[in-house]
Enquirer: 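Got a structure for you, questions after.
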Amino acid sequence: MTSYLPDKKEAPRRRTVLVTGGSRGIGSQIVRRLAERNIAVGATYNSSPERAQALAEEFGDHVAPIRYQLSSTDSAEQAVQAMVRQFGHLDGVVVNAGLWKGGRIDKVSHDDWWSVIEANISSLAQLTRAVLPELRKSDAPSIVLISSVVGLIGHAGDTAYGSAKAAMVGFGRSLAKELGRDGIRVNILAPGFVDTDMTSAVPEGAREKIHAETLMGRFGTADEIAKAAVFLAEDATYCTGTVLSVDGGWSL
Ligand SMILES: NC(=O)c1ccc[n+]([C@@H]2O[C@H](COP(=O)([O-])OP(=O)(O)OC[C@H]3O[C@@H](n4cnc5c(N)ncnc54)[C@H](OP(=O)(O)O)[C@@H]3O)[C@@H](O)[C@H]2O)c1
């Protein structure tokens, strides 16, 4: 019998992105910018579940709070499972959660040194292994790593953090070469100094010095970094292995 009912059309598949450290600072702005584009976002938290929950309330079913701890071996796997349970699939990841501890080389303790390397670098391999099986199923997969210009040009008092952020660049570019033929883009974003909790302890004198060294004369905002992260994650379809500095000209 002829049916006069219109063909049933499947709803378009919603893109999904996991943002680590999505609870605060730069990460929470990346979550907002993605959710505003109707992308379903997993916003990870560690010590601030209430902030991730507030984002979920702000954006309804576009944002899901997901627990993730940088230095725990099982955490990456569990976060990816939670993401897939919540949204069904995974198209992208923004590796943003990070740890800063400063100190000149003769002052930084062995424990602090290793905690910065562990949190920023060892976690990267675990998370990448955990997301890859899901990303391989996506038709437009992408990975963005949030490094720092400190990893590109160095900064006194930041040997541990600078080492970790430089290693992220080497990791990301190598990963881009490993995954490019599979259609998985990997890009690296290197922010300059940004007003967040991470930089709230920068003393006034040091802050003024950085302002003076920065062509734009100020710290960046979390949203200025988020816009660049979303560009790399979603719009930069012919970029892979790119390192994009967003630093108001500080590194020039
Ligand atoms: N701010 C800057 O000037 C600047 C400059 C260059 C690069 N960056 C990089 O940008 C990224 C975000 O920085 P931000 O300034 O937004 O930092 P932030 O305000 O200190 O926020 C850090 C985020 O990472 C999460 N996080 C911290 N430790 C964690 C852990 N052990 N396990 C899991 N998650 C953890 C936090 O989650 P909870 O609150 O839930 O614990 C929070 O969401 C970092 O990778 C940072 O190195 C920052």
Side-chain angles (χ1 to χ4, degrees), residues 18-33 41-56 63 65-76 78-79 82 93-102 112 114-124 126-127 130 144-155 157-158 160-169 171-172 188-202 206-207 210-211 213-214 218-226 228-229 232 243-248 250-251:
L18 181 67
V19 180
T20 70
S23 55
R24 282 190 287 130
I26 293 169
S28 65
Q29 280 310 116
I30 298 172
V31 170
R32 283 198 174 84
R33 287 268 167 194
V41 194
T44 84
Y45 63 87
N46 180 38
S47 60
S48 321
E50 68 297 341
R51 303 242 204 151
Q53 189 54 43
L55 278 170
V63 175
I66 290 176
R67 184 161 160 67
Y68 169 66
Q69 212 186 346
L70 282 169
S71 42
S72 144
T73 24
D74 300 332
S75 196
Q78 286 163 2
V93 58
V94 180
V95 183
N96 163 78
L99 179 70
W100 173 84
K101 283 183 188 171
D112 278 359
W114 276 112
S115 66
V116 170
I117 300 293
E118 274 259 283
N120 292 296
I121 281 299
S122 307
S123 61
L124 201 48
Q126 283 156 6
L127 183 62
V144 176
L145 309 180
I146 310 294
S147 173
S148 165
V149 281
V150 167
L152 304 180
I153 66 164
H155 186 239
D158 273 333
Y161 182 75
S163 302
K165 291 299 185 182
M168 282 182 94
V169 175
F171 179 92
I188 301 117
L189 182 61
F193 289 87
V194 184
D195 264 320
T196 65
D197 294 343
M198 191 176 271
T199 52
S200 59
V202 175
R207 190 172 279 266
I210 294 161
H211 286 180
E213 291 166 353
T214 303
R218 60 174 175 86
F219 279 25
T221 66
D223 196 48
E224 285 171 318
I225 307 306
L232 290 177
V243 182
L244 176 62
S245 297
V246 181
D247 64 358
W250 181 69
S251 62

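Atoms within a ligand are numbered from 1 in the order they appear, just like the ligands themselves.
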Enquirer: Nearest 0.5 Å, what's the OG1-CZ distance between Thr199 and Phe219?
Expert: 5.5 Å
Enquirer: Output yes when Asp223 and Arg33 qualify as a salt bridge under the 4.0 Å nitrogen-oxygen rule, no when they do not.
Expert: yes
Enquirer: Anything under 30° is parallel, anything over 60° is perpendicular, the rest tilted; go ahead and classify Trp100 against Tyr161.
Expert: perpendicular
Enquirer: Give yes or no for whether the N/O distance cutoff of 3.5 Å, strictly under, is met between Pro191 and ligand 1.
Expert: no
Enquirer: Decide whether the shortest distance between a heavy atom of Lys165 and an atom of ligand 1 is less than 4.0 Å.
Expert: yes
Enquirer: Yes or no: does Leu99 have any heavy atom under 4.0 Å from an atom of ligand 1?
Expert: no
Enquirer: For ligand 1, does Leu70 get within less than 4.0 Å through its side chain, its backbone, both, or neither, judged by non-hydrogen atoms?
Expert: both
Enquirer: List ligand 1 atoms under 4.0 Å from Phe193, heavy atoms only on the residue side.
Expert: 3 (O)
Enquirer: Check this for me: does any side-chain nitrogen of one of Asp158 and Lys101 sit under 4.0 Å from a carboxylate oxygen of the other?
Expert: no
Enquirer: Between Tyr161 and ligand 1, which part of the residue brings a heavy atom under 4.0 Å of the ligand: side chain, backbone, both or neither?
Expert: side chain
Enquirer: Does Gly192 have a non-hydrogen atom less than 4.0 Å from ligand 1?
Expert: yes
Enquirer: One residue to check: Asn96. Relative to ligand 1, which of side chain, backbone, both or neither has a non-hydrogen atom less than 4.0 Å away?
Expert: both
Enquirer: I'd like to check whether Ser47 has a polar contact with ligand 1, where a contact means an N/O of the residue lying under 3.5 Å from an N/O of the ligand.
Expert: yes
Enquirer: Trp250 and His155: aromatic ring centres closer than 6.0 Å?
Expert: yes
Enquirer: One residue to check: Ser147. Relative to ligand 1, which of side chain, backbone, both or neither has a non-hydrogen atom less than 4.0 Å away?
Expert: backbone
Enquirer: Below 4.0 Å, non-hydrogen atoms only: which portion of Tyr45 touches ligand 1? Side chain, backbone, both or neither.
Expert: both
Enquirer: Distance under 6.0 Å and angle within 45° of the ring axis: does Arg51 meet both against Tyr45?
Expert: no
Enquirer: Is there at least one pair of N or O atoms, one from Gly21 and one from ligand 1, spaced under 3.5 Å apart?
Expert: yes
Enquirer: At the 4.0 Å heavy-atom cut-off, does Trp100 count as touching ligand 1?
Expert: no
